[in-house]
Amino acid sequence: MPQNEVVEGLGLDQYKYHFITEDEPVFRSGRGLNEKVVREISAQKDEPQWMLDFRLKALKIYNAKPMPTWGGDLSNLEAVLDQIYFYVRPQEKMERSWDDVPANIKDTFEKLGIPEAEQKILAGVGAQYESEMVYHSLKEEWDAKGVIFDSIEDGLKNHPELFREHFGTVIPSADNKFAAMNSAVWSGGSFVYIPKGVELDTPLQAYFRVNQEQMGQFERTLIIADEGAKAHYIEGCTAPVYSTESFHSGVIEIIVKAGAHFRYTTIQNWSNNMYNLVTQRALVHEHATMEWLDGNLGSKLTMKYPSCFLVGEGAHGSVLSIAYSGDGQHQDTGGKVVHAAPNTSSQIISKSISKGTGRSTYRGLCKVYEGSVNSRSNVECDALLIHPTSRTDTYPYIEIEEKQANVGHEATVSKVGDEQLFYLMSRGMSEEEAMAMIVRGFIEPIAKLLPLEYAVELNRLIELEMEGSVG
Amino acid sequence: MSEIPILEVKNLHAKVADEDTEILRGVDLTLAKGEIHAIMGPNGSGKSTLAKIVAGHPAYEPTEGQVRYLGQDVLELDPDERARLGIFLAFQYPVEIPGVSIANFMRTAMQAHLDEGEELDLFDFQDQLLERMELLDMDPSFAERHVNDGFSGGEKKRNEILQMAVLRPKLAVMDETDSGLDIDALQVVANGVKKLHAEDPEMTVLIITHYQRLLNYIQPDHVHVMVGGRIVRSGGPELAEELETEGYEQFRAPA
Ligand SMILES: Nc1ncnc2c1ncn2[C@@H]1O[C@H](COP(=O)(O)OP(=O)(O)O)[C@@H](O)[C@H]1O
Ligand SMILES: [Mg+2]
């Protein structure tokens, strides 16, 4: 049997998040994207006029912009989008206690282990189901210190000035076609504010679940870490496997003020019928640090390049990413760092694994503006190929206007070697175990930065993916 | 001695898969349980090829003959199956596994050696690993390092012996474990092997080397000379000394 058939046969069963919850949404828009849908969404949310105007303007930008011709294969996307429900409201209102969340939805998140993790290791949890946040809660202790961790809708409602001051300032609607789309139809996501000097010792987590077939999810997250604050935000996402395509396009804007330290971790594990096109960007001020830790394991196609705009002197940004592409998957990921102030530093470390007919692309930009003296940047991307049919490409763009800057770039491609496999097997490990061990070792430099529970989960997922990799 | 030999190689011919040149051209070799054998021979004579075929390396293709382990034909078995039966190869060129600690590696290997359904006790494992490291004069911090990644030649060889000590094979093939070791490291390795053999006198050891150095510390029962893909002479320990003074020239006559 050709090895890819074996791999494919196992692939679906292995995706352990495949289960469909039976339910009736409270409201659902028609299929496709048009002005009516945009107005419906705004009305459902009872928004101020300025937000409706913002959305309508973004829709015009979206319509005017052509589909990108780079990145992954988007040739079928227009047809897919025509069939997509852009807004699905699963329940009347967001709840603060799991007991008030409808049983079937609560059940879904219990299966995903969210309430359990909340008890054990998290400072707060938000849970989005279809288009809306169905649950949001922050531990008392942090609430008392003035931390805001809320749905984006409640952010707009309850903190209108803080919200409007920052919303859309990091990623303008016109940034790219999908940022424009999100700006027109955004729904769900988090609004986070960490006050000056407050340091959270456990992470905040938002979990995104798409349950319905042919759904589009468009979460919008706005995070402000005030001066000297410190926090870690984790995002996870899954969906059931359908034969039709689904769509996810998020926009994440982060402002890291002077001396603050923010880490944003994504463990993206969408089912393999999902288009995942996300824009994530942070503005990093004086002596602040922003870290993106980006794990992309699922989806059909992901296009995502977390960015750090280093706008204050001494700012530091890093993008650490792991991409895994199994059969038929394409992860087009990487990172962007823009140096726009003196003494700024950045690093991008990207590790990709391609299996079967999987394809991983590293796409990155390092830009140093004139005047960003003594800036340093280091880019390192390593690709691991499991099968002869697996593919990887590297597109590192480097633009340096400042002479007194130091930019390094290194790329490696390795194949799982016969000698490595033989070595491990000669110690009694099966070929699959050996393969999983090599892959775990390959991602270790990044996996070790995750909280233990997540690192264990990541390793378990990799192991599952390696099952059936032996043809 | 009517006992079944632990290893019996009969008229073994082999080549690199996808190539035509024969590397092994009729090897015969028998090891009884508990014995220590040495194979000596010049570079390129096929010693490592023999070792890798015994362990099951897929790059080599046996074209004729047999390899029997405790009476069982093992040529059709995968390397992991052979390992679980008790065959161990200490590599001439140990392979780097970046990002994987020795502790993790050893734990997985030990777990793999257990029967299906049996779980390795983690505390037990810790104790055993520490005890084995002590036996080999190794610092416990060594277990945290990534397998062979950035190791010196000597560290790599010591790591091979550590694995052997932990896995307690029935048949250990040591391929040039002495090369690249300074005299201190050589003694540690030799003493380690001697201790392991004393612990388990049934353990059989096949030492591959082209120097006599190691054999000054570990006295073999039998010495074989391999040239051009064949065992051309066998004898007792005195053969090693003879080779040391006279070299392999005498065997270089065209076959
Ligand atoms: N994988 C291989 N591909 C091609 N030739 C090989 C390979 N392995 C061994 N050989 C050849 O087989 C011969 C014996 O090699 P080897 O078994 O490593 O010898 P030794 O260990 O005695 O030095 C050498 O001529 C070597 O070049
Ligand atoms: Mg050799």
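Within every chain, numbering begins at 1; the chains are lettered A, B, ... in the order of the sequence lines, protein sequences first and strands thereafter.
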Problem - Residues in salt bridge (charged side-chain N to carboxylate O under 4.0 Å, His left out) contact with Glu199(B), at least two apart in sequence or another chain - result: Arg132(B), Arg168(B)

Problem - Under the side chain to side chain donor-acceptor pair (under 3.5 Å) test, residues paired with Arg359(A) that sit two or more places apart - result: Asp393(A)

Problem - Which atoms of Tyr423(A) approach chain B - backbone, side chain, both or neither, heavy atom under 4.5 Å - result: both

Handout entry: Heavy-atom pair count under 4.5 Å with chain B, highest-scoring of Arg440(A), Glu433(A), Glu444(A), Lys448(A)
Key = Glu444(A)

Fill in the blank from the handout: Under 4.5 Å to a heavy atom of chain A? For Leu167(B) that would be side chain

Practice task
Decide if atom NZ of Lys415(A) counts as having more than 12 heavy atoms of other residues, nucleotides or ligands within a radius under 6.0 Å.
Solution key: no

Problem - Exceeds 12 heavy-atom contacts within 6.0 angstrom, atom CZ of Arg145(B) - result: yes

Problem - Proximity of Phe91(B) and Phe422(A) rings by center, below 6.0 Å - result: yes

Exercise for the section: Verify the neighbour count for atom CG of Asp18(B): are there more than 12 heavy atoms of other residues, nucleotides or ligands below 6.0 Å? Expected result: no

Problem - Pairwise side-chain contact, Arg427(A) with Phe105(B), heavy-atom cut-off 4.5 Å (strictly under) - result: yes

Problem - Part of His113(B) within contact of chain A (heavy atom distance under 4.5 Å) - result: side chain

Handout entry: Asp149(B) portion near chain A, given a 4.5 angstrom heavy-atom threshold
Key = neither

Practice task
Please assess Met429(A) against Gln111(B) for the test side-chain contact (heavy atoms from CB on, under 4.5 Å), listing each intermediate value before the final yes or no.
Solution key: CA-CA 9 Å; Met429(A) 296 172 217; Gln111(B) 175 65 53; over 6 Å; no

Exercise for the section: For Glu118(B), look at atom CD and say whether over 12 heavy atoms of other residues, nucleotides or ligands are found less than 6.0 Å away. Expected result: yes

Problem - Nearest heavy atoms of Ser426(A) and Ala83(B), plus distance in Å - result: O-CB, 3.3 Å

Problem - Engaged part of Glu96(B) at the chain A interface, taking heavy atoms whose separation is under 4.5 Å - result: backbone

Completion exercise
Among Leu424(A), Ile438(A), Asp418(A), the residue with the most heavy-atom pairs under 4.5 Å to chain B is Leu424(A)

Fill in the blank from the handout: Heavy-atom closest pair (Gly428(A) atom, Ala112(B) atom, distance to 0.1 Å) is O-CB, 3.2 Å

Completion exercise
Interface check, chain A: of Pro169(B), Pro98(B), Ser101(B), Ala59(B), most non-hydrogen pairs under 4.5 Å belong to Pro98(B)

Exercise for the section: Side chain from CB out, backbone as N, CA, C, O: work out which of these in Pro94(B) comes under 4.5 Å of a heavy atom of chain A, or both, or neither. Expected result: both

Exercise for the section: Taking the side chain as every heavy atom from C-beta outward, state whether Pro79(B) and Glu431(A) have any atom pair closer than 4.5 Å. Expected result: no

Fill in the blank from the handout: Closest heavy-atom pair, Met437(A) versus Asn104(B), reported as atoms and distance to 0.1 Å, is CE-OD1, 3.5 Å

